[in-house]
Number of protein chains: 2
Amino acid sequence: MADSNLPSDADLRAEYSETERQIFDAALRVFARKGRAGARMQEIADAADINKAMLHYYFRNKETLYGEVFAFTMRRFMASFGASLKEAPTFAETLRVFIDGYVEFVRTNQDAMRLMVNENLAGGTHLGEHLKRLKASGDAPPQIFVEKVEAAVASGEIRAVDPDHTLVSVISTCIFFFVMRPTVQTIHAEAASDWGEFVEARKEHLFDLLYHGLVPDADA
Amino acid sequence: MADSNLPSDADLRAEYSETERQIFDAALRVFARKGRAGARMQEIADAADINKAMLHYYFRNKETLYGEVFAFTMRRFMASFGASLKEAPTFAETLRVFIDGYVEFVRTNQDAMRLMVNENLAGGTHLGEHLKRLKASGDAPPQIFVEKVEAAVASGEIRAVDPDHTLVSVISTCIFFFVMRPTVQTIHAEAASDWGEFVEARKEHLFDLLYHGLVPDADA
DNA sequence: AATTGGTTTAACCGTTTGGTTGAACCTGCC
DNA sequence: GGCAGGTTCAACCAAACGGTTAAACCAATT
């Protein structure tokens, strides 16, 4: 789970002071829950337990605050579980690690996920530069996964699927049920009564469905 | 594609006047693009080409306007492509119709989709009653699909998968790439240059991946 | 022609919100 | 002690926003 050769959560924020970190966490929470427009500077200040003027002292205005919070969230996404993915020996293992990695990341970073989805829903103007850096780095989970799919297709370990579409499909199934959690919980009884249990069951289901969908038939 | 025994888009709004329909469309657009908090009454009025006071004349305030727009959007979701799904003879056909139905619905109702996702992201307090009615009606695509999955499992046409999880997985893959469109288009070259083509390719990929994932191995 | 009831408009109002100001307050340093 | 730089705060401000008002308009009805 821990990637010792990648920056940890704390490292990523090393450049920030204690007060700035407080503001950061508060801002992420409020932006994620209320949306970019719905977030109130006063509420962020309250949540960070500081005066409202301090917000504008540390971050000039709402836009730059949002920009920095978003940038940090993006960096956090990139830094997650890349290494363990590379080391996976078989494609089955790759798929397991990828599913587990994404589901666990979203489970423990729901606010980050909400921020990301909100940004996309609003047009995603802040995404550009970050995604390009992600693409350039070559170390992010999505890229590694695509490479692994390509290799597995070449070796015949899985069928001749489109790697990019496969990536989108797998990520979708790992994240979307968190996005639609209220709907899922209204329709699905078990999800409502024990979400943790539901998430675990879902990881099993996903591996089963997707692995079976990717692997060739036993014989013919 | 057309379900003659279900209310059409026009029917659903028959109770509304011309002006109200204008307001409706404008409100949906603005709420979907700017979010519930980010939407401005003035902007909705401008988009509907009426005076701002008219908004408050027809819909008492922002909350009731949002509530009505959301309720209408919900009804539209329920009324889509249920019948053709029931008539599908094989499970393969069921899956094809379901994928095609959902993808096409979201493609042609992106604002409705955005509204729905936004509502879920914000906690989904408006969902309750509507989803219960959907559950009670028994005619909505998700329920029909679950029944078809159960039947196909029983007949051995597909493997012993969990029908509810399968439903969530299929819907996720049909919708999430629309939600994350800006990200997908930044990463995927073809999606950026020709989105329509990408959507078509995606439908093919999804059927292939999911059908293969659900169906038993050819032999053993 | 006068009345009625729904519709439309410009001007207005009170509150909320993002952002500013200027003074007070530390803390380390000479 | 006294200065200097960064930090904290209550009070303040202008703009934006949701919502209201009162008068005007217009098509039926009598």
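In what follows, every chain begins at residue 1, and chains take the letters A, B, ... in the order their sequences are listed. Note that the coordinates shown come from a computational prediction; the quantities given were computed from them, not determined experimentally.
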> Without decimals, in angstroms, what is the distance between B:Glu63 CD and D:dG18 C1'?
11 Å
> Could you say whether A:Ala53 or A:Gln42 is positioned toward the 5' end of DNA chain C, judged by the nucleotide with the nearest heavy atom to each?
A:Gln42
> Counting distance only, does the side-chain N/O of A:Asp100 pair as donor-acceptor with the main-chain N or O of A:Arg96 below 3.5 Å?
no
> Would you kindly give the NZ-to-P distance between A:Lys52 and D:dA10, to the nearest whole Å?
12 Å
> In whole Å, I'd like the distance from the CD1 atom of B:Ile44 to the C1' atom of D:dG19.
14 Å
> Return yes if the base of D:dG19 and the side-chain atoms of B:Lys62 contain a donor-acceptor N/O pair under 3.5 Å, otherwise no.
no
> Calculate the interatomic distance between A:Asp46 atom CG and C:dT17 atom P; express it in whole Å.
12 Å
> Tell me which nucleotide among D:dG19, D:dT8, C:dG18 gets nearest to the side chain of A:Met54.
D:dT8
> Would you kindly give the CZ-to-P distance between A:Phe59 and D:dT7, to the nearest whole Å?
12 Å
> Could you state the atom-to-atom distance from CG of B:Leu55 to P of D:dT20 in whole Å?
13 Å
> Any cation-pi pair here, B:Arg107 with B:Phe178, using under 6.0 Å and within 45°?
no
> Which of these nucleotides, D:dC9, C:dG19, D:dT8, is closest to any side-chain atom of A:Asn51?
D:dC9
> Among the candidates D:dC17, C:dT17, D:dG19, find the nucleotide nearest to the side-chain atoms of A:Arg40.
C:dT17
> Just wondering, are more than 12 heavy atoms of other shown residues or ligands nearer than 6.0 Å to NZ in A:Lys34?
no
> Rounded to the nearest Å, what distance is computed from the CD1 atom of residue A:Ile50 to the P atom of nucleotide C:dC25?
20 Å
> Show, in sequence, the C-alpha distance, side-chain angles and deciding distance for A:Lys52 and A:Ile44, and conclude whether the side chain to side chain contact (heavy atoms under 4.5 Å, CB included) test is met.
CA-CA 8 Å; A:Lys52 184 170 68 115; A:Ile44 295 175; over 6 Å; no
> Just compare D:dG19, C:dG18, D:dC9 and give me whichever is closest to any side-chain atom of A:His56.
C:dG18
> B:His165 and side-chain hydrogen bond (donor to acceptor under 3.5 Å, both in side chains): which partner among A:Glu204, A:His205, A:Arg202, A:His188?
A:Arg202
> Indicate, with a heavy-atom threshold strictly under 4.0 Å, whether A:Ala37 touches base, sugar-phosphate, or nothing.
nothing
> Across the strands shown, which category fits B:Tyr58 at heavy-atom distances under 4.0 angstrom: base, sugar-phosphate, nothing?
sugar-phosphate
> Between A:Arg36 (CZ) and C:dT17 (P), how many Å, whole number?
18 Å
> Return the nearest nucleotide to the side chain of B:Tyr57; candidates are C:dG6, D:dG18, C:dA10.
C:dG6
> For a quick check of understanding: with a heavy-atom distance under 4.0 Å over all strands, which category does B:Met41 fall into, base, sugar-phosphate or nothing?
sugar-phosphate
